[in-house]
Amino acid sequence: MKMSKLFCQTLREFPQDAEVISHKLLVRAGYIRKLANGIYNYLPLMQRVLTKVENIIREEMNAAGAQELLMPFVQPEELWKESGRWDVYGKELMRMKDRHDRGMCLGPTHEEVITFIAREGIRSYKQLPVNLYQIQSKFRDEIRPRFGLLRGREFIMKDAYSFDVDQAGLDKEYKNMADTYNRIFTRCGLETKMVQSDSGAIGGSVSHEFMVLVNENDENNAGENDVFYCTKCDYSANSNHAVSKLNPAETDGKFEKAEIVDTPNTKTIEELAEFLKVPSTVICKALVYVIDGKYVVALIRGDRTVEETKLMNAFEGNEIRIARNDEIDEIMQNSGFSAVAGFIGPKGLKGVSIIADETVRELKNFVVGINQTDKHLVGANWGKDVELPEKICDIRLVETKDRCPVCGEELKVTKGIEVGNIFQLGTKYSKAMNATFTDKDGTEKSFIMGCYGIGVSRTAAAAVERYHDDFGIIWPLSIAPYTVVIVPVSDVDEAQMGCANKMYEELNKAGVEVLLDDRSERAGVKLKDADLIGIPFRVTVGKTLNEGKVEFKDRKTNEITLLTPDEAVNKIIEISKTIK
RNA sequence: CGGGAUGUAGCGCAGCUUGGUAGCGCACCUCGCUUGGGACGAGGGGGUCGCAGGUUCAAAUCCUGUCAUCCCGACCA
C-alpha cells in the first residue's frame, strides 16, 4: 500500500477528549474516529488489526473444534422474556419497537438466540457435544462509556457457546477453551493471566477472566479491574470474587460489661475508634444497602470493606447500591428508632434482611451501633447482647497482605484489562427456555451449557495499552496492520525512490504486508508518522544509499542496522514467514 | 443518577470579565523553496460561536432553558 493513497489522517496533537493512552494513540495515529459517545468508526488501519485478531481467533477456535456461525444483531423481546432477562438486564439492554410495535433489542450477548438455535436443531445426544461461535458487533448501553475502545457501547466480540450432555463434558470443553484462549492471546502477542471471577448478569457458577496485566506505575493505566494473586501458588482472582485467609487481629474489645455509652460525632469508624481508644478491629460496622429494592444491613468488622458484588450475590440480586439517608430514616421509623448513618446496629431492626461477614463472628466484647444517634453499645457479645445474624457469608473485599486461601502466602494486587472470559452456565438458559435433547437412556435432558467471550476490539486496544512508547504504538508483529514501512527520505531523489520502489515491489511480490511512504513530505513527518502508527519494522532509504546501504529499524528496540537493499528485503521476508 | 468541568473551522485553543467587523497555531488548496525527526515564504478556502428562547439599536459575550461531551463516583461481559 502506498501511503499517499492510504486513508489515514494522523494528528499532531492528542485528542482533547481522550484519557487513556490507547484511546489517545488510536485516534491520533488515524486508526479510529468517534461517531457518538462510545461508538467508533474503525478506519482502514484499525480494520486490518481487527481482522488479524479475528483470524487468529478463528484459526484457534476452529482448531479447537468449534464452528463459526452468525446470529442476528437485532433480537426479539420474546426470547428475553423466556430466559427471564428482559426484566433483569436493565437499561444496558438497548430496547426498541419495530413498526408493528413489537419489542426488540440490540444484542448485548447471545445466550437466548443460541439456546433457541440449539432447541430447534439438537434433538439427540448423538449431536453433542457442540461448540458454536460468532464474531460480531455487540451493543450495550453502558452508563458511562469511556476509555475509547476499552469500554465502548458498541464493540466487537467473539462469543462461543458449548452444549454438552453432562457436567463432565462441560468441564472438558471449559478446559479446552481455557487452553485455546491462552493460545489466542499468546499469538496476539499478549501475556494474560487467567483469574477466577464473578459470573455477573450472565449467570452460572464457575467463571474465569483473562486479564492483560498493566503497569500500575503507568500514570494513565487503563486497568479497570483489581486482580489479587499469589506469588507462591497460582491462585488469582478478580477483586469481586477473591477470597482470603486473614492475618490474626485483635478482636476482643476488652470492655468488661455491656453498656450504652455516649459517642458524640463519631459517624465514621475512624472517629469512633479514636474516641473510644480501641482498634477498629473490635468494632462491628453496619452498612445499609438496597438490593433489588429491598433493604439489607450488612455487618462487617470495622477495618474491612464490603465487596458489593459478593453481597449482592449473597441475595441473588441484580442491582445493589448504598441506601440514601431518607431510606435509612424510613427503616429507623419502621423499627421505632431515629438514628442516622454511623450509629446503625442490627438490634431491633424491622423490615430489613441482616447479613454478617465472617469477620464479625469472632468478635468479643465489641462495639456496635444501637440505633441511637451519638451512642454505641460497647462490651457487646453475640447471643447475649445482640443476636448473630443467621446469614453469615464472605462479603468482604480482599486486601493486600491478606493470605492466599490456597497456600497462605501474602496476596498481592495488580490492575488488569479483561480481554476474555469463560463461564460455566450449566442449565440456566436451557431450563428457562426449555431446550432439551433425548439422552442415551431415552430421557429428556436440558443442555449443559458454557459460554466463552473475547473482546476483539478491546484486545486490540489492550495491546496498544500494553505496547507503546513516547513516539507511538508498538504493535505486536502478529496483529500489526502492516509488517514493514519503507521510507525514502527524499521523494525527489531518484536513486532513493528507485531503491524504495524496487524493494516495495519485491516485498509485495513475496506477499509481505508493506507500506511505502511515497508522500511528498519532509523526512521528519514521514519518520514521526512511522513511529506513531507503530509498524514493527521500518526501512529508511536515505544518505546511506551512497554506500549501498539502507537502514533497518526494529520499532520495538529502536535498534538500527545497516543492510544492503537485498539483505533488507530478505530479512523482512524471513521475518514475515515467522508470523503465525 | 449524584459531584465537577467544557462546548468558537477537521484538530488544538484565544476572545466572554467590561456587548459593537469572529481570531491564532496546526491541517487543507495554489505557487515558490526545501528533504535525516512534525521546515520556510507568499497567496487562498473553510464558522448560522452546541441548540432554543429572552434582554438590547446591537449578543460568541448578559439572562433562562435545553442538548452534547469529558472527568470522579455508583454500574459492568
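Lettering of chains follows the sequences in order, A, B, ..., and the numbering in each one begins at 1.
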Open item on the list: How many whole angstroms separate atom NZ of A:Lys24 from atom C1' of B:C11?
Closed with: 15 Å

Task: Watson-Crick or G-U counterpart of B:G2, or none if no pair lies under 3.5 Å - done: B:C72

Open item on the list: Say we look at B:C49 and B:A9: how far apart would their P atoms be, to the nearest angstrom?
Closed with: 10 Å

Open item on the list: Taking the C1' atom in each of B:G46 and B:C28, what is the distance between them to the nearest angstrom?
Closed with: 9 Å

- [ ] Send over the distance from A:Ile143 CD1 to B:A77 C1', rounded to a whole Å.
- [x] 14 Å

Task: Name of the residue among A:Phe163, A:Tyr161, A:Phe116, A:Tyr429 meeting ring-ring contact (aromatic ring centres under 6.0 Å, His included) with A:Phe447 - done: A:Phe163

Task: Qualifying residue for ring-ring contact (aromatic ring centres under 6.0 Å, His included) with A:His23, from A:Tyr31, A:Tyr40, A:Phe147 - done: A:Tyr40

- [ ] Keeping the roles fixed (side chain from A:Arg458, backbone from A:Glu418), state whether a donor-acceptor pair exists under 3.5 Å.
- [x] yes

Task: Geometric cation-pi criterion, A:Lys138 with A:Phe155: 6.0 Å, 45° - done: no

Open item on the list: Could you check whether any side-chain N or O of A:Asp518 sits under 3.5 Å from a backbone N or O of A:Lys2, counting only pairs where one atom can act as donor and the other as acceptor?
Closed with: no

Open item on the list: For a quick check, tell me whether the side chain of A:Arg12 and the base of B:G37 share a donor-acceptor pair closer than 3.5 Å.
Closed with: no

TODO: Tell which nucleotide pairs with B:A77, taking only Watson-Crick or G-U wobble pairs whose two distances are both under 3.5 angstrom.
DONE: none

Task: Integer-rounded Å distance: B:C70 C1' and A:Tyr40 OH - done: 11 Å

Open item on the list: Please give the distance between the P atoms of B:G19 and B:C62 as a whole number of Å.
Closed with: 9 Å

TODO: Mind calculating the distance between CD1 (A:Ile135) and P (B:A77) to the nearest angstrom?
DONE: 22 Å

Open item on the list: If you go through the side-chain atoms of A:Arg151, does one of them form a donor-acceptor pair with the base of B:C76 closer than 3.5 Å?
Closed with: yes

Open item on the list: Between B:G7 and B:A14, how far apart are the two C1' atoms, rounded to whole Å?
Closed with: 15 Å

Open item on the list: Under 4.0 Å, heavy atoms only, any strand: does A:Met497 hit a base, just the sugar-phosphate, or nothing?
Closed with: nothing

Task: A:Asp531: which of A:Arg28, A:Lys526, A:Lys553 passes salt bridge (Lys or Arg N to Asp or Glu O under 4.0 Å) - done: A:Lys553

Task: Paired nucleotide for B:C51 [Watson-Crick or G-U wobble; both distances under 3.5 Å] - done: B:G65

TODO: Mind checking A:Gly542 for me? I need base, sugar-phosphate or nothing, with any heavy atom below 4.0 Å counting as a touch.
DONE: base

Open item on the list: Can you measure A:Leu150 atom CG to B:C76 atom C1' for me and round it to whole angstrom units?
Closed with: 14 Å

Open item on the list: Can you say whether a donor on the side chain of A:Glu551 sits under 3.5 Å from an acceptor on the base of B:G36, or the other way round?
Closed with: yes

Open item on the list: Without decimals, in angstroms, what is the distance between A:Arg28 CZ and B:C26 P?
Closed with: 16 Å

Open item on the list: Please classify the nucleic acid contact of A:Asp529 as base, sugar-phosphate, or nothing, using heavy-atom distances under 4.0 Å.
Closed with: base

- [ ] Report yes if a side-chain nitrogen or oxygen of A:Asn37 is closer than 4.0 Å to either non-bridging phosphate oxygen (OP1 or OP2) of B:U69; otherwise report no.
- [x] yes

Open item on the list: Please confirm whether the shortest side-chain N or O distance from A:Arg144 to OP1 or OP2 of B:U69 is below 4.0 Å.
Closed with: no

Open item on the list: Counting the benzene-type ring for Trp, do A:Trp475 and A:Tyr467 have ring centres under 6.0 Å apart?
Closed with: no

- [ ] Would you kindly compare A:Ile322 and A:Gln16 by the position of their nearest RNA chain B nucleotide and give the one closer to the 5′ end?
- [x] A:Gln16

Open item on the list: For a quick check of understanding: with a heavy-atom distance under 4.0 Å over all strands, which category does A:Val492 fall into, base, sugar-phosphate or nothing?
Closed with: base

Task: Donor/acceptor link under 3.5 angstrom from A:Arg538 side chain onto base of B:G37 - done: yes

Task: B:C51 and B:C33, which share atom name P, separated by this distance in whole Å - done: 44 Å

Open item on the list: Classify A:Glu521 by what it touches in the nucleic acid, base, sugar-phosphate, or nothing, heavy-atom distance under 4.0 Å.
Closed with: base

Task: Given RNA chain B, 5'-ward residue of the pair A:Arg33 and A:Phe155, judged by closest heavy atom - done: A:Arg33

TODO: Measure distances between side-chain N and O atoms of A:Arg321 and base N and O atoms of B:A74, and say whether any donor-acceptor pair falls under 3.5 Å.
DONE: no

Open item on the list: Under 4.0 Å, heavy atoms only, any strand: does A:Asp159 hit a base, just the sugar-phosphate, or nothing?
Closed with: nothing

Task: Pairwise C1' distance, B:G15 and B:C24 [rounded to whole Å] - done: 10 Å

Task: Whole-Å gap separating P (B:A77) and NZ (A:Lys158) - done: 17 Å

Open item on the list: Strictly by Watson-Crick or wobble contacts shorter than 3.5 Å, is anything paired with B:C26, and which nucleotide is it?
Closed with: B:G10

Task: Given A:Gln67, A:Met157, A:Met71, the one that forms side chain to side chain contact (heavy atoms under 4.5 Å, CB included) with A:Gln134 - done: A:Met71

Task: Separation of B:C75 C1' from A:Arg153 CZ (nearest whole Å) - done: 15 Å

TODO: Pick base, sugar-phosphate or nothing for A:Lys34, based on heavy-atom distances below 4.0 Å to the nucleic acid.
DONE: sugar-phosphate

Open item on the list: Taking pairing as Watson-Crick or G-U wobble with both contacts under 3.5 Å, can you name the mate of B:G32, or confirm there isn't one?
Closed with: B:C40

TODO: Sticking with atom P, work out how far B:C13 lies from B:C70, rounded to a whole angstrom.
DONE: 15 Å

Open item on the list: Say we look at B:A22 and B:A60: how far apart would their P atoms be, to the nearest angstrom?
Closed with: 8 Å

